[in-house]
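Single-structure report; data block below.
What you see is a predicted model; the values in this text were computed from it and never measured. Heavy atoms only: backbone and side chains are in, while hydrogens, waters and symmetry mates are out. In each ligand, atom 1 is the first atom listed, and ligand 1 is the first ligand listed.
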Amino acid sequence: MNELRIFAPATIANVSCGFDALGLCLDTVGDEMVIRKTDEKGIKISKLVGQDLPVETEKNVAGVAGMAMLNKLHISHGFEIEIYKNIKAGSGIGSSAASSAGTVWAMNELLGKPFSAKELVPFAMQGEKLASGTAHADNVAPALIGGFTLVRSYKPLDIIKIPTPDELYATVIHPQIEVKTSDSRSVLKENITLKKSIIQTGNLGGLISGLYTSDYNLIGRSLHDEIVEPLRSILIPGFNEVKENAIECGALGAGISGSGPSIFALSKGEKMAENVAYVMSETFKKLNIDYDVHVSKINTNGCRII
Ligand code: ADP
């Protein structure tokens, strides 16, 4: 096998109460990539379709993640990558993570799986470091491992896969507004109060417990973010209305996807997730804001061959 075409999934990081720790993998939103072995050493991005992104190996997250993996291997050949982007960069659903994770996942398949999915995470994290300055794992871990993942610790890296209830669906809406990453970072505060930390800990514990026991009501009660959402949501016009309308319609909960501006909701059942997509869309329509909306089952496997 010298060539693979793969689906590299979009992901939702944070999931309300799990800031920088929790992430989930989507099934119907993602990029396609073709990875093939070449005689030439190194990584070459031979095609990039759908987004205006750099193709130089050291400027594209796919090249950086792939090189991080190659540097750990002693092989005499290299890889060529074609990237077909469906996920818009900066949308908050892990655009860079899809390319980083997809590259190392496909290379690993072509090499006969020398690494486990968890062992691939540090390579993909190097791509994230290029995109955002920090080697975070909350998008690449679910893209590689599937389902919900928890980054319990970075030093040492400890990633835990959390079970996904069968009927859990995500709705994600991407309003076509630009939120500068620098702004979404600068609104964050260095310190939080003990009171907020206690509320957040309770909710994160509740969410994890609800996922393990398929307790949809508990999942809904726990989808709250005391710390980041109140600060970041100011940057997303219509956020409060979209969230309130989604919950009123029957979503278990809703919040900011990653650093935004996408907003996600979780629902029990596909029908409800579709209804939620409708009310979220109507809210942005009334505000005259264009949007892309997606409904997706949670993808429990991560990247896959197509
Ligand atoms: P999101 O908000 O969707 O998570 P990212 O954090 O993934 O967005 O950031 C996208 C950034 O990464 C952009 O600055 C973009 O130029 C850079 N980048 C480099 N290579 C890629 C790639 N292959 N796919 C997407 N973004 C890339």
Side-chain angles (χ1 to χ4, degrees), residues 6-15 19-20 22-26 29-35 43-69 79-107 123-144 149 151 170 172-185 187-188 228 232 235-236 255-264 291-292 294 296 303:
I6 67 149
F7 170 73
T11 43
I12 294 173
N14 300 341
V15 201
F19 183 63
D20 270 5
L22 209 58
L24 69 83
C25 189
L26 296 171
V29 200
D31 297 339
E32 281 190 27
M33 301 176 81
V34 174
I35 322 272
I43 305 278
K44 186 182 169 198
I45 295 156
S46 56
K47 209 169 178 184
L48 204 160
V49 179
Q51 289 277 290
D52 187 15
L53 291 165
V55 290
E56 295 91 336
T57 304
E58 67 287 355
K59 288 187 187 161
N60 194 296
V61 299
V64 170
M67 285 307 295
M69 182 168 164
F79 293 88
E80 190 178 282
I81 306 172
E82 294 173 13
I83 307 173
Y84 300 89
K85 296 277 329 162
N86 294 314
I87 316 169
K88 291 182 181 142
S91 54
I93 52 171
S95 178
S96 57
S99 295
S100 304
T103 300
V104 298
W105 187 85
M107 282 168 60
F123 305 134
M125 284 166 66
Q126 290 309 309
E128 293 296 77
K129 194 172 175 189
L130 173 74
S132 68
T134 44
H136 59 98
D138 48 349
N139 288 105
V140 291
L144 286 164
T149 56
V151 187
V172 195
I173 190 154
H174 175 212
Q176 313 289 300
I177 52 158
E178 196 198 340
V179 175
K180 289 202 188 98
T181 316
S182 53
D183 287 345
S184 67
R185 281 219 200 108
V187 294
L188 299 181
V228 176
R232 274 196 177 157
L235 302 170
I236 309 170
I256 303 171
S257 177
S259 57
S262 288
I263 303 171
F264 80 95
Y291 57 84
D292 292 326
H294 310 279
S296 175
C303 295

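By the 3.5 Å distance cut-off applied to N or O atoms, Ala97 is not counted among the residues near ligand 1. Backbone and side-chain nitrogen or oxygen atoms of Ser99 are examined, and one is located within less than 3.5 angstrom of a nitrogen or oxygen of ligand 1. Taking distance alone, with nitrogen or oxygen atoms compared against 3.5 Å, Ala62 stays at or beyond that limit from ligand 1. Considering backbone and side-chain N/O atoms, Ser96 comes within less than 3.5 Å of an N/O atom of ligand 1. In terms of polar-atom proximity, Asn139 is not counted as a contact of ligand 1, lacking any N or O under 3.5 Å from an N or O of the ligand. Where the criterion is an N or O separation shorter than 3.5 Å, residue side chain and backbone included, Gly90 meets it with respect to ligand 1. Between Gly92 and ligand 1, a contact under 3.5 Å exists for at least one N or O pair.
Under a 3.5 Å cut-off, the side chain of Thr57 and the backbone N or O of Ile43 do form a donor-acceptor pair. In this structure, the side chain of Ser257 engages the main chain of Gly92 through a donor-acceptor pair within 3.5 Å.
Between Glu128 and Ser96 the shortest heavy-atom distance is OE1-OG, 2.8 Å. Closest approach of Asp31 to Ala98, counting heavy atoms only: OD2-CB, 3.9 Å.
For atom 11 (C) of ligand 1, the candidate residues are Gly260, Ala131, Pro261; the nearest heavy-atom contact is made by Ala131. Of the listed residues (Ile45, Val55, Leu53), the one carrying the non-hydrogen atom nearest atom 18 (N) of ligand 1 is Leu53.
For Leu48, no heavy-atom contact with ligand 1 is shorter than 4.0 Å. Of the heavy atoms in Asn60, both backbone and side-chain atoms come closer than 4.0 Å to ligand 1.
In summary, of the residues considered (Val179, Ile256, Ile173, Leu235), a side chain to side chain contact (heavy atoms under 4.5 Å, CB included) with Pro261 occurs for Val179 alone.
Of all atoms in ligand 1, listed by their number and element, those nearer than 4.0 Å to a heavy atom of Ser91 are 1 (P), 2 (O), 3 (O). Contact atoms of ligand 1 toward Lys85: 24 (N), 25 (C) (distance under 4.0 Å to a heavy atom of the residue).
Nearest protein neighbour of atom 4 (O) of ligand 1, counting heavy atoms only, is Gly94 N, 3.3 Å. Protein heavy atom nearest atom 25 (C) of ligand 1, with residue, atom name and distance: Ser95 OG, 3.3 Å. Nearest non-hydrogen protein atom to atom 21 (C) of ligand 1 is Val61 CG2, 3.6 Å.
For atom 14 (O) of ligand 1, the nearest protein heavy atom lies 4.0 Å away or farther.
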